[in-house]
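First listed ligand is number 1; within each ligand, the first listed atom is number 1.
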Amino acid sequence: MERIVSGMRSTGKLHLGHYLGVIQNWVKLQHECESFFFVADWHALTTKYAETENLKNDVRDVVIDWLASGLDPNVCTIYVQSLVPEIAELNIYLGMITPQNWVERDPCLKDMAKILKTKEGNASQINYGLMGYPVLMSADIMMFNATAIPVGIDQVAHIEITRDIARRFNNIYKTEFFNEPKPLLNDCSLICGLDGNKMGKSFQNDIKISDTAEVTAKKIMSAITDRSRMRKDDPGHPEQCEVAFKYWQIFGDKEQVETVKCECEKGLRGCADCKRQLGALINEKFAPIREKRRYYEEHPEEVDRIIREGSEKARKVARKNLDEIRNIIGMY
Ligand code: TRP
Ligand code: SF4
């Protein structure tokens, strides 16, 4: 059986892009693989080290969204990175054997540096912790000796570095202890934001899993449609309807999509009505998830218990591996 590890940075309440692109896949995978899912709060600190006032709540919010979406702590292991300090020790060992130019050429890191630069308006300093991002990520993965990592295409370069580090460790210490984990790309459709760009918290174009039905309906009404359409009985062009029709294709069944397409093309469907229906459909789909979410929100002590117990469970596996790793290296 594959053993998978994957994480998300603690960014707070998650949006439909996270749900469709990542969580849904995890929910399925938890039944097929031995699964470890964690909140990467140390990785969040690599850029947000000075903004920690919401960190605790952000961690809890991420886990609440996971639980509401169907991750089951009795099936997979859910934990918080910083509650498994063994990862930090492994990070030190991996740092010792990682050539500086491996991290310097990491394309994800270059992107992050660019974002930081524009945000801070100067040739910003990249701190030591951010430089270590791919090494820490390797420690996350290698701590559990995962065989496969479910990630988005943007993270594949990181998995490549992990494979390189695992191979180098095995070579240096003449062992076969570490697997070279492979990326597990999922083929789910990417959902764009309400403005047609990539959905993201910072772009304010997202719909949150935790949004109420009212907020969701209102947000959907602001979604971009076929811009060439002036009156509601003008024939529309679903393929040029950059957001609303795309959402129909994601959330509707075949029949619904066909009806929308036909009625739109014939000018029998106004965009406002169309989006009202779409909002209702999305709300229907997320109603059970949101209800479950409310339950956990009202029972934070239960969420904290799940996090504590999951982290304990993860630590047991980590501790055992770390003892062996220390032994392989030759530590006292
Ligand atoms: N870097 C990943 C992201 O931003 C999060 C992450 C941290 C991760 N450690 C990981 C993902 C280990 C997979 C495995 O999405
Ligand atoms: Fe898009 Fe619906 Fe308007 Fe057609 S009627 S352009 S599918 S929102």
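- Heavy-atom contacts of Tyr133 reach the following atoms of ligand 1: 1 (N), 2 (C), 3 (C), 4 (O) (cutoff under 4.0 Å).
- Contacts of Phe38 with ligand 1, taken as heavy-atom pairs under 4.0 Å, involve the side chain alone.
- Side-chain atoms of Tyr296 do not come within 3.5 Å of backbone N or O of Asp61 as any donor-acceptor pair.
- Here Gln155 has side-chain heavy atoms under 4.0 Å from ligand 1, and that is the only part of it that gets that close.
- Between the side chains of Gln81 and Asp140, at least one donor N or O sits under 3.5 Å from an acceptor N or O.
- Taking every non-hydrogen atom of His43 and a distance limit under 4.0 Å, the qualifying atoms of ligand 1 come out as 7 (C), 9 (N).
- Here the protein heavy atom with the shortest distance to atom 5 (C) of ligand 1 is Gly7 O, 3.5 Å.
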* Evaluate ring pair (Phe, Tyr, Trp, His ring centres under 6.0 Å) for Phe144 paired with Tyr79, printing each intermediate quantity in order. => CA-CA 13 Å; Phe144 299 95; Tyr79 59 101; 5.4 Å; yes
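- Around atom 4 (Fe) of ligand 2, the protein atoms of type N, O or S that sit closer than 2.8 Å are Cys264 SG.
- Between Phe251 and Tyr247, the two ring planes are perpendicular [angle over 60°; tilted spans 30° to 60°].
- Asp140 OD2, 2.7 Å is the protein heavy atom nearest to atom 9 (N) of ligand 1.
- In this structure Glu309 satisfies the salt bridge (Lys or Arg N to Asp or Glu O under 4.0 Å) test together with Arg305, sequence neighbours excluded.
- Side-chain atoms of Tyr295 and Glu291 include no donor-acceptor pair closer than 3.5 Å.
- The main-chain N or O of Pro181 is found under 3.5 Å from a side-chain atom of Arg163 such that the two form a donor-acceptor pair.
- Every atom of ligand 1 with a heavy atom of Ile149 under 4.0 Å away is listed here by number and element: 13 (C), 14 (C).
- Applying the 4.0 Å criterion to heavy atoms of Arg9 picks out, from ligand 1, the atoms 4 (O).
- For ligand 1, none of its N or O atoms has an N or O atom of His158 under 3.5 Å away.
- The backbone N or O of Lys208 sits less than 3.5 Å from a side-chain atom of Asp211, completing a donor-acceptor pair.
- We find that Arg276 and Asp273 are joined by a salt bridge, their nearest charged nitrogen and carboxylate oxygen being less than 4.0 Å apart.
- Shown here for Gln256 and Leu281, the closest heavy-atom pair between the two residues is NE2-CD1, 3.8 Å.
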